[in-house]
Amino acid sequence: MPKLIIDDIPVEVGNGVSVLEAAQSVGIPIPHFCWHPALGKAGACRVCAVKMLDGPVKGLQMSCMLPAQDGMVVSTTDEEAMAMRRHVIEWLMINHPHDCPVCDEGGECQLQDFTIAGGHGLRRYTGRKRTHINQYLGPYIEHEMNRCIQCYRCARFYQEFAGGTDFGVMGSAGRVYFGRFEEGQLASPFSGNLADICPTGVFTDKTARFRARYWDYDMAPSVCPHCSLGCNTTPAARYRELLKTMGRKNDAINGWFICDKGRFSNAIVNDPNRPRHPLVDCRKVDWDEAMDALLPRIAEIGELYDPGSLAIVGSPHLSMEAAVLLPVLASCAAAGSLCYFMDEHEAERTRASVSYLSEGRAASMADVRAADLIAVVGCDLMEEGPMMALAIRQAWRNGARVYVVANEPNSPLEREGAGLPFDYSSVSTLDDVPLLEAQKPVIISSSSSFSPWNREAVENLPTSAPAAIPHASPFFNGKHKMVCLLNGPNAFGTALLSGMHDAISFSEAVTKGKVKGVIAVEADIPPELLHGIPVVAALDWRNTGVTRAARIFLPTTAWVEMDGTYINNEGRAQRFRKVMNPGLPIKGLDPAGHPPRVHSATPPGGDPRPAWQVVAKVIERLGGDRIVEPFSGEWEKLREIDAEASGILICRKKQ
Ligand code: FES
């Protein structure tokens with residue numbers, strides 16, 4: 001453990017840590033552009049200069065390139081180091097267009113910050129600037145090459161970190177160009193990270209272009225709801241419109257990055273056609289009237305049919321706060337069926353996977369990145385969890401062997417094989433994977449892809465074996481960890497609840513013929529299952545077939561409009577915070593651009609409430625207790641989760 005002195009502060013760091021990181025660890029910032037914690041060093045920008053006063057290395061040095069060593073005495077404020085940084089920044093800025101007032105990066109620009117911090121504030125160069133032609137890179141990323149300072153972060157991320165091949169760096173004489181060989185949409189499913197990783201405004205989020213400055217945004221720590229991995233995000237909103245989503249660091253899960261699916265799916269929140277008012281028989285009403293109408297409709301089902309003909313149907317998309325209240329609602333409404341999953345097989349597989357993972361074998365994405373052997377079994381990575389593919393790539397880059405078990409000619413992995421960002425060996429069964437040779441093997445499977453070839457294998461397993469792992473028993477050597485990609489951001493939590501409360505799938509409930517009415521809570525019920533069954537009430541924030549069929553509709557908030565909790569596929573409970581108030585985006589209110597001239601306690605379209613609060617209100621109206629805190633009993637531990645921390649594992653972890 002090297003011990004050194006930086007600006008008179010003694011520092012002790014781990015082996016291999018750079019002087020730049022050592023300085024950061026004690027709160028001393030050193031300007032840097034090309035160095036990034038996820039990408040490492042490149043030595044390209046030369047702006048991180050420090051003066052080595054004593055020890056094994058002397059003189060001006062690039063702090064990102066130099067490993068901390070015993071006895072080093074470092075000065076970041078030495079006049080020679082400061083002059084070097086000032087001159088380098090001046091030189092980097094020579095061709096920069098100085099267009100901060102019209103640049104989307106303005107206010108969140110590392111180049112702005114370090115230019116000022118580096119001491120360069122006066123432009124002396126009077127010559128012509130070198131200019132470039134920008135490229136169309138698709139609908140998501142804006143390109144402005146003149147702002148480039150050649151730090152190479154974009155090319156290093158895109159090619160090395162993410163495995164993209166259609167973007168890179170080209171050069172001719174004194175011109176260096178970062179882009180595609182020819183214009184066209186970026187092919188990588190991780191291309192949006194260019195906007196986060198570029199330290200200046202070469203790559204910006206086109207979907208939020210010219211809409212706000214950094215200080216205008218409403219932001220809060222959040223969790224991506226678009227798959228089960230639980231990647232951490234920072235959504236940014238303004239004027240009740242979700243404008244953009246950025247990656248947020250969580251070392252246990254997504255690291256620094258997110259996929260494009262999670263980044264560019266904001267339109268559904270802003271949809272002007274999103275249902276935002278309580279409705280009774282398609283008539284706009286207030287909350288009280290909707291609640292008044294709901295109670296007799298629930299009673300009516302019990303009177304017309306057998307007791308227990310009502311089904312309470314939730315989904316793995318529900319926050320944990322709402323999901324834990326559904327059993328209480330089912331009890332108060334005397335419902336005969338409680339459902340969290342639509343399909344019987346998916347419910348079984350998810351419960352079996354969660355039960356197995358809960359025994360301490362769940363791998364985090366950090367475990368995947370550190371694995372030395374990975375077997376991918378029967379899942380469509382790019383569809384079910386793209387960031388898992390990126391995690392596998394990092395393991396592969398570090399020398400891990402990757403096997404894809406796909407003996408079905410038309411399996412998703414066979415189809416997309418060339419699109420996976422890592423090389424792999426294709427094998428027919430898990431028996432062909434040398435799991436026992438590895439020290440840190442991880443098996444990655446899925447609860448939703450369940451093709452006939454592994455169905456047979458699973459059905460032949462003893463009932464105690466994990467259903468998600470075909471041919472699993474020979475490999476239970478205690479070393480391997482398991483990932484199961486689930487279907488929904490809170491599939492893990494709803495599977496646990498499903499087991500605790502003897503919930504059944506909605507398809508099973510319908511098959512039994514007892515369901516004569518449904519209360520759907522953010523549930524996507526397929527039309528074929530709803531045939532002839534009235535939707536007594538639907539709680540949702542989206543416009544779906546179920547909400548359109550509902551006799552009573554109660555609008556709920558999207559994840560960015562409330563505080564909530566999801567449990568990801570590893571069993572990690574994470575809190576997400578409210579980013580914005582619900583309401584029609586001001587931009588979409590009126591073609592003339594002015595909000596309606598009416599007085600109201602809520603903004604236009606501001607009726608939606610968090611699903612758990614609506615469920616709690618219905619419970620209270622049905623005679624149940626007043627609920628002010630959804631987590632009680634064994635779920636009380638979820639109350640204290642810090643949204644800025646890395647979440648808490650709700651099941652034990654086996655070492
Ligand atoms: Fe050290 Fe760029 S950050 S050379």
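All ligand and atom numbering here is 1-based and tracks the order in the structure. Residues: numbered from 1 along the sequence shown.
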List ligand 1 atoms under 4.0 Å from [X], heavy atoms only on the residue side.
{"X": "F33", "answer": "3 (S)"}
{"X": "W35", "answer": "3 (S)"}
{"X": "C64", "answer": "1 (Fe), 3 (S), 4 (S)"}
{"X": "C48", "answer": "1 (Fe), 3 (S), 4 (S)"}
{"X": "G43", "answer": "4 (S)"}

* Structure fact -> Closest to atom 4 (S) of ligand 1 by heavy-atom distance, out of H32, R46, M62, is R46
[X] bridged to [Y] by N-O distance under 4.0 Å:
{"X": "R85", "Y": "E80", "result": "no"}
{"X": "D563", "Y": "R575", "result": "no"}
{"X": "D367", "Y": "K481", "result": "yes"}

* Under 3.5 Å side-chain donor-acceptor pair for N193 and R263 -> yes
* Kindly say whether the aromatic ring centers of Y566 and F576 come within a distance under 6.0 Å. => yes
* **Contact check: C45 to atom 2 (Fe) of ligand 1, N/O/S below 2.8 Å** => yes
* If you take all heavy atoms of Q439 and D372, which pair is closest and at what distance? -> N-OD2, 2.8 Å
